[in-house]
Amino acid sequence: MRNINTVKQEFLKKWIWGLRKYRSQKKNMSLLERKKAIKLSADLAMASTRNKTTRWSKALIANASKNSNNKVLTEHVLGSSPPVRKSSTNYSHSRRIRSCRKSLRRNRAVHIPKDRVVASFIARKLVQKRTRRLKSLLPGGEFMDDVSLVEETLDYVQSLRAQVEVMRCLVTASELMILNPS
């Protein structure tokens, strides 16, 4: 990931730009519409700071551009038309998974005590359940293999942290301006 301060600056610039564009499209917004506008422009700004290099950013952009009302904002924040989602399979990941499965098959030939089998079954089910949950949380996660899921999740969490820090700074600055008007 790039320098975090550069990412924060770029996010803030694109987020404010998106909010202004949304406000110019709709003059009188309800509270719910404002909430949606803030979330949509924040998602698009965060995804665009990744330059469409991650699957989660592509998924956020694709989800935002599904709605015809959001297409104008999506194109405005991104500076071009949204990408068309392609199904991409990474050859190296699938090869790595196949080799792991082969080694697991070889290791299963060894006799394992019954209590260890039960424990490994429970652990495997728990990992599968948590993986499904993680795939549902990550934008575009349902289309990823486990290795990609972990890499994309780490990148997504870093981007979310940067987004939260920028939003906190903006709230702090606005509170200071309200308390100390010059």
Side-chain angles (χ1 to χ4, degrees), residues 1-26 29-94 97 128-174:
M1 194 169 175
R2 300 183 332 231
N3 181 357
I4 193 73
N5 290 327
T6 307
V7 171
K8 288 179 188 178
Q9 289 174 352
E10 187 178 347
F11 166 76
L12 181 61
K13 183 177 81 173
K14 290 183 178 187
W15 184 42
I16 291 173
W17 199 28
L19 287 173
R20 285 182 182 158
K21 180 67 175 177
Y22 205 90
R23 189 181 67 203
S24 70
Q25 288 178 347
K26 266 192 141 173
M29 288 192 278
S30 68
L31 186 62
L32 183 61
E33 289 175 322
R34 285 182 184 163
K35 178 185 168 191
K36 287 180 181 179
I38 291 169
K39 181 173 179 0
L40 176 66
S41 58
D43 283 349
L44 288 173
M46 185 172 61
S48 67
T49 58
R50 298 302 296 141
N51 296 326
K52 304 175 200 168
T53 56
T54 57
R55 291 181 191 175
W56 66 261
S57 64
K58 292 175 188 174
L60 277 177
I61 293 166
N63 289 340
S65 62
K66 283 180 185 175
N67 187 340
S68 61
N69 296 335
N70 299 340
K71 277 189 178 182
V72 173
L73 181 64
T74 304
E75 291 174 5
H76 184 74
V77 171
L78 298 175
S80 65
S81 60
V84 177
R85 180 184 275 179
K86 299 179 213 172
S87 64
S88 62
T89 55
N90 194 336
Y91 180 71
S92 64
H93 289 309
S94 59
I97 290 170
Q128 288 173 350
K129 181 180 175 184
R130 289 182 178 172
T131 302
R132 279 193 307 273
R133 177 72 176 133
L134 187 57
K135 284 183 176 187
S136 71
L137 291 172
L138 188 70
E142 57 273 2
F143 304 109
M144 294 181 206
D145 61 276
D146 294 348
V147 175
S148 298
L149 182 67
V150 171
E151 293 170 355
E152 293 277 331
T153 302
L154 290 172
D155 188 71
Y156 186 59
V157 168
Q158 285 178 334
S159 296
L160 285 174
R161 280 189 176 158
Q163 181 182 15
V164 167
E165 288 176 22
V166 168
M167 290 179 169
R168 280 187 180 154
C169 289
L170 191 62
V171 167
T172 303
S174 64

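One-based numbering along the sequence shown.
In this structure, Thr131 OG1 and Asp145 CG are separated by 11.0 Å, a value rounded to the nearest 0.5 Å. Atoms CD and CZ, from Glu165 and Arg161 in turn, are 8.5 Å apart once rounded to the nearest 0.5 Å.
Between Leu19 and Ala37, the shortest heavy-atom distance links the atoms CD2-O, 3.9 Å.
In this structure, the side chains of Lys129 and Arg133 stay at 4.5 Å or more apart for every pair of heavy atoms. Contact check for Phe143 versus Arg55: no side-chain heavy atoms found under the 4.5 Å cut-off. Between Tyr156 and Ser57, the closest side-chain pair of non-hydrogen atoms is not below 4.5 Å. When side chains are defined from C-beta on, Ser159 counts as touching Trp56, because their heavy atoms get closer than 4.5 Å. For the pair Leu160/Met46, a side-chain contact is recorded, criterion being any heavy-atom separation below 4.5 Å from C-beta on. By the 4.5 Å heavy-atom criterion applied to side chains, Gln158 and Val7 are not counted as neighbours. In this structure, the side chains of Leu44 and Leu60 stay at 4.5 Å or more apart for every pair of heavy atoms. Between Trp15 and Leu170 the shortest side-chain heavy-atom distance falls below 4.5 Å.
Legend: residues meeting salt bridge (charged side-chain N to carboxylate O under 4.0 Å, His left out) with Lys13, ordered by chain and number and at least two apart, are absent.
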